Amino acid sequence: MRQSLLLPLALTLAGCASAPAPSGGGGGNVAQASAAAGAMRLDPTARYWFDPAVPLGHPSMDSLRNSNGSPRITDPALYDRFWRELAPVILLRVSDARIRINPNFVAALMAKESGYDPRATSSVPANGVTQMTHIADLDLRLIARDSPSWHWMYDEVNGWPRNPLVHDSLARKSRTDSLLANGTLTPRTEYLFDPKLNIAASVYWLRLLGSVWTQDVWPGVYGTMARNKLNGGRPISEQDLLALVTVSYNQGHPYVADLVSRYGRDWTGHLNEESSDYLERIVTYTGIFQRAASGR
């Protein structure tokens, strides 16, 4: 693995998008949640891995709510478009034998990140329906290039169109919004605004984050520590993996590793406010999608 990939990436992936209004804050609030939040009861039925017995559910739009009870999805047209055009893309991507992650988890994450808006932007900056960042995009390409286990995805990922004004250190929401408004950024010139490619990137990244915590990527760095701290050296549970991947997507895996190393099983009780809400919402939404799949 390239040395550069071992550097902390605190903003590996973004938090909430600018549209619709985020429910958990968009700027990385570092105020620590109460340690009592470590006892937050996350839906134990929510899964990270693909289960053919739990297909992608179709809950009512109204069932997806922010933590304050307000609707998460405010545009019915976006939700309709998701089911018409994007849900099949999720199912195609996650059904790949090399991926096999829960489509309900991916759909839940998209609800939280952007409310299914393919033109969403945020101040991180992060872009598109899954709110990928240019940092995560670079990391994804480097891992795919340098890791034998993931090299199969490199040609596809590296071939997607990228506008340098979105993928440089000076990228800002204001500039991206202007480029969208004047037509410089389109699905043909920037893959982050092609919802089908944006979903593909997110699915790949979610799967790679799973490998970060199960020791396939960065062997012995994160996976061993997580097993020791969370389960006495034994393999971590699927619920623990779901939480680790979810918060890593929001704040970066170095942030998660620091909390797990310091607090062990109580690590979620020391999340910042944004990530605490982010974790709770996505696990909750995942359960809602799953229950809709079984008609409950």
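Just so we're clear, the structure is a prediction, and the values are computed from it rather than from any experiment.
Contact annotation: the side chain of Thr130 never approaches that of Trp205 to less than 4.5 Å [non-hydrogen atoms, C-beta and beyond]. You'll find the side chain of Met225 reaches within 4.5 Å of the side chain of Ser261, heavy atoms only. Inter-residue side-chain proximity for Leu140 and Val157 is flagged as met; some heavy-atom pair is nearer than 4.5 Å. Within the 4.5 Å cutoff, the side chain of Met110 has heavy atoms near those of the Ile199 side chain. Side-chain atoms of Ile99 and Phe50, non-hydrogen and from C-beta on, never get closer than 4.5 Å to each other. Within the 4.5 Å cutoff, the side chain of Glu190 has no heavy atoms near those of the Leu165 side chain. The shortest distance between side-chain heavy atoms of His253 and Asp139 falls below 4.5 Å. Residues Leu56 and Val94 form no side-chain contact, since every pair of their non-hydrogen atoms from C-beta on lies 4.5 Å or further apart.
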Could you list the donor-acceptor pairs under 3.5 angstrom formed between side-chain atoms of residues 82-91 and any protein atom two or more places apart in sequence or on another chain?
residue	atom	partner	partner atom	Å
Trp83	NE1	His58	NE2	3.2
Glu85	OE1	Arg81	NE	2.9

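The cluster map of Ile, Leu, Val, Met, Phe, Trp and Tyr, joined by side-chain heavy atoms under 4.5 Å apart, puts Phe105 and Val54 in different clusters. No continuous path of hydrophobic side-chain contacts links Trp152 to Tyr154 [ILVMFWY only; heavy atoms under 4.5 Å]. Under a hydrophobic-cluster definition in which Ile, Leu, Val, Met, Phe, Trp and Tyr are linked whenever side-chain heavy atoms come within less than 4.5 Å, directly or via other members, Leu92 and Leu197 are assigned to different clusters.
At least one donor-acceptor pair closer than 3.5 Å links the side chain of Arg100 to the backbone N or O of Ser95. A donor-acceptor pair is defined here as one N or O able to donate and one able to accept, closer than 3.5 Å; no such pair exists between the side chain of Arg265 and the backbone of Asn231. With Ser275 contributing its side chain and Asn272 its backbone, the two residues share no donor-acceptor pair below 3.5 Å.
Residues Asn163 and Thr189 bring no donor and acceptor atom of their side chains to less than 3.5 Å of each other. A donor atom on one side chain and an acceptor atom on the other are not found under 3.5 Å apart for Tyr278 and Gln251. Defined by atom type and a distance below 3.5 Å, a donor-acceptor pair is present between the side-chain atoms of Thr184 and Asn182.
Asn228 and Gly233 get closest at one heavy-atom pair: OD1-CA, 3.3 Å. For the residue pair Met132 and Tyr191, the shortest heavy atom distance occurs at CE-OH, 4.0 Å. Heavy atoms only, all atoms of each residue included: Leu279 and Leu42 are closest at CD2-CD1, 3.8 Å. Contact between Ala120 and Ser114 at its shortest, heavy atoms only, is CB-CB, 3.9 Å. Taking every heavy atom of both residues into account, Asn102 and Thr286 meet most closely at ND2-CG2, 3.7 Å. The two atoms that bring Ser70 and Asn68 nearest to each other are OG-OD1, 2.6 Å, heavy atoms only.
Here NZ of Lys173 is found 9.0 Å from CG of Asn127. Values are rounded to the nearest 0.5 Å. Note that the OG atom of Ser248 and the OH atom of Tyr255 stand 10.5 Å from one another [nearest 0.5 Å]. Of the inter-residue distances, the one linking Ser122 atom OG with Gln131 atom CD reads 4.5 Å to the nearest 0.5 angstrom. Here the straight-line distance linking atom CD1 of Ile73 with atom NZ of Lys112 works out to 10.5 Å at 0.5 Å rounding. Arg119 contributes atom CZ, which lies 11.5 Å from atom OG1 of Thr176 (distance to the nearest 0.5 angstrom). Remark: Tyr48 OH to Ile101 CD1 distance equals 5.0 Å, nearest 0.5 Å.
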Please lay out, stage by stage, how Ile135 and Leu138 fare under the test side-chain contact (heavy atoms from CB on, under 4.5 Å).
CA-CA 5 Å; Ile135 298 174; Leu138 176 61; 5.9 Å; no
Should Arg207 and Asp96 be marked as a salt bridge (charged side-chain N to carboxylate O under 4.0 Å, His left out) after you check the CA-CA gap, both sets of side-chain angles, and the distance that decides it?
CA-CA 11 Å; Arg207 181 61 183 87; Asp96 187 316; over 6 Å; no
Please step through side-chain contact (heavy atoms from CB on, under 4.5 Å) for the pair Trp267 and Leu244, ending with a clear verdict.
CA-CA 10 Å; Trp267 73 275; Leu244 292 166; 3.7 Å; yes
Stepwise side-chain contact (heavy atoms from CB on, under 4.5 Å) check, Glu238 with Asp51:
CA-CA 12 Å; Glu238 186 171 9; Asp51 181 349; over 6 Å; no
What do the steps show when you test Trp160 against Leu192 for side-chain contact (heavy atoms from CB on, under 4.5 Å), and what is the final call?
CA-CA 9 Å; Trp160 293 337; Leu192 293 174; over 6 Å; no
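Checked options Arg291, Gln239, Gln290; the residue passing with Asp43 is Arg291 (criterion: side chain to side chain donor-acceptor pair (under 3.5 Å)).
A distance of 6.0 Å or more separates the ring centres of Trp213 and Tyr249.
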